[in-house]
2 protein chains.
Amino acid sequence: MGISEPFDAAIEALIRRLSLRDHLPEDERNALRSAAVRSRNFAAGDDLVVQNSKPSVSMLIASGMVARYNIIDDGARQITAFHILGDFVDLHGFLLSRLDHSISALTEVTVVEFPHEALEHITEQYPHLTRMLWLSTLLDAAIHRQWLVAIGRTSAMSRLAHLFCEQFVRAGLVGLATQDSFPFPITQAQLADALGISPVHVNRTLQELRARAVLEWHGGIVSILDWPGVQSIGKFDEAFLDIEHRRR
Amino acid sequence: MGISEPFDAAIEALIRRLSLRDHLPEDERNALRSAAVRSRNFAAGDDLVVQNSKPSVSMLIASGMVARYNIIDDGARQITAFHILGDFVDLHGFLLSRLDHSISALTEVTVVEFPHEALEHITEQYPHLTRMLWLSTLLDAAIHRQWLVAIGRTSAMSRLAHLFCEQFVRAGLVGLATQDSFPFPITQAQLADALGISPVHVNRTLQELRARAVLEWHGGIVSILDWPGVQSIGKFDEAFLDIEHRRR
DNA sequence: CGAAAGTTTGAGGGGAATCAATGTGGGTGG
DNA sequence: CCACCCACATTGATTCCCCTCAAACTTTCG
């Protein structure tokens, strides 16, 4: 019996996601459960972690949505990742001596904290679980690479579609998506910061997607009307996420 | 006494780089040395690993330069990373079930191969070394994020300068740079694929950098004429790499 | 109900792309 | 040892995707 509702839900979501990849023995599951110490809430707009700090805990998302981002001197912002339920949002901070980016809450957010000593203990005692956690950070890197490809070599329209595809599949992995929709509770300006385009152009591109009848986005919910169509526009190949679906 | 010249040089470069971050005990150094089995050569243009494959060894660069890249259906290419001496180029392949990108040689390249069983053995026996290797993949991810910021939110000129800064610092970490220069043996077209701009625009932007007298690039060698100037144009903050300079 | 935040629309401009041609240096074969 | 070739670098002309600035509209919420 767990400490509280979101607390347990987050850990079970993580376990479920890792299990898609490889079997997690009961002792490893328990090791994860006992490494979590408490949950914590943030309001929309709060920073969970700020750049250049050295956190002593890592956070697992229990509910809500957060973004990693960097600010450039001229005030421009680039979001480098979105994270949802079951994502270990700053496992990087466990090993990096300073965080190279900030993390902020896009909505109300609940996280579960894992003290770094507890994580270090896991790496000392559970090699297989350690590899699984390592893997989860490698998936973050794989997603970064997909964003690089999208931002570097495709149009605003493709980038937008690609991001929707990625979020749809990832939401589905943790049970947050329906057959054809998923929550996406952010503003167009935040989306612009993720895609490397201007808010105005996000708006115009969304209109175009709407006009092509491939998707809708109202009230923080994206509805996929034409899944093959969105994938095609976004040049989306889920292989890079698919690894979570298979066993080694 | 080692097996051969480049073979040893690569492993010692890796050890040196990891040591900058945290002390590596002799037994861990030996574990690394004995995990390497052989070296292998590639000609410029060869693929070391192709997308969607599941390699059974990971490669450490002993000499030369390689690029990770993705091809989009329309033929466009995006390079997502450059790697040099001492970089563990596809440690990702150790845990990912399929590689999400290809890796090709930009020059003649020598690598040292580490069988995945040997790496798995390290994770079972050497938790601290495992964390160090994990860290090295987190650094790759940190560099991806910097590229995202550069490509998403800065001009072609800044991106170019930023990349030169990064390569200069990284080459310095493994002893490949002089006080004010480093090897950069690639073509303008390859550079364009890394920066997400066209080859023509790379050429024009290089001319502008030359005109501002901040750097030169001839014969595969980049010479920094005005280090503060390049950093300023590239909005470069080495903090994200600096982690390798410090101890925890 | 008013204020703030977010979305939408319009007009005009610019950074970078594309297309196409020319220049250049290093390697190869006759 | 020079003519040729090929890959790469450079330049010019034109086009366009997206940006910026600015204002109006809409939705949310205290």
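Note that the coordinates shown come from a computational prediction; the quantities given were computed from them, not determined experimentally. Reminder, nothing fancy here: chain letters follow the sequence lines and each chain counts from 1.
Rounded to whole Å, atom C1' of D:dA9 lies 14 Å from atom CD1 of B:Ile186. Atoms CD (B:Glu216) and P (D:dA9) sit 15 Å apart, rounded to a whole Å. Taking atom CD1 of B:Ile151 as the reference point, atom P of C:dA16 lies 13 Å away to the nearest angstrom. Put simply, NE2 on B:His218 is 16 Å from C1' on C:dG26, counting in whole angstrom units. The interatomic distance linking B:Gln188 (CD) with D:dC8 (P) rounds to 11 Å, in whole Å. Rounded to whole angstrom, the span from the CD atom of B:Gln190 across to the P atom of D:dA7 amounts to 14 Å. Atom NE2 of A:His201 and atom P of C:dG14 are 18 Å apart (whole Å). Whole-Å rounding puts the A:Leu206 CG to D:dC18 P distance at 13 Å.
The side chain of A:Val200 lies closest to D:dC21, out of C:dT18, D:dC21, D:dC18.
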Problem set entry | Verdict with reasoning, B:Arg68 to B:Asp140, per salt bridge (Lys or Arg N to Asp or Glu O under 4.0 Å) | CA-CA 11 Å; B:Arg68 302 172 192 242; B:Asp140 286 343; 3.3 Å; yes

For this session: Please step through salt bridge (Lys or Arg N to Asp or Glu O under 4.0 Å) for the pair B:Glu208 and B:Arg212, ending with a clear verdict.
Result: CA-CA 6 Å; B:Glu208 175 70 20; B:Arg212 295 197 194 182; 3.1 Å; yes

Problem set entry | Worked check of ring-ring contact (aromatic ring centres under 6.0 Å, His included) between A:Phe114 and A:Phe94 | CA-CA 10 Å; A:Phe114 289 74; A:Phe94 168 42; over 10 Å; no

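Side-chain atoms of B:Arg204 and base atoms of C:dG15 include no donor and acceptor less than 3.5 Å apart.
Proximity of B:Gln207 to the phosphate of D:dT11: a side-chain N or O atom is located under 4.0 Å from OP1 or OP2. The side chain of B:Asn203 places an N or O atom within less than 4.0 Å of a non-bridging phosphate oxygen (OP1 or OP2) of D:dT10.
No option in B:Phe182, B:Phe236, B:Trp217 other than B:Phe182 meets the ring-ring contact (aromatic ring centres under 6.0 Å, His included) test with B:Phe168.
Residue B:Thr187 is in sugar-phosphate contact alone, with no base atom involved, counting any heavy-atom pair closer than 4.0 Å across all strands shown.
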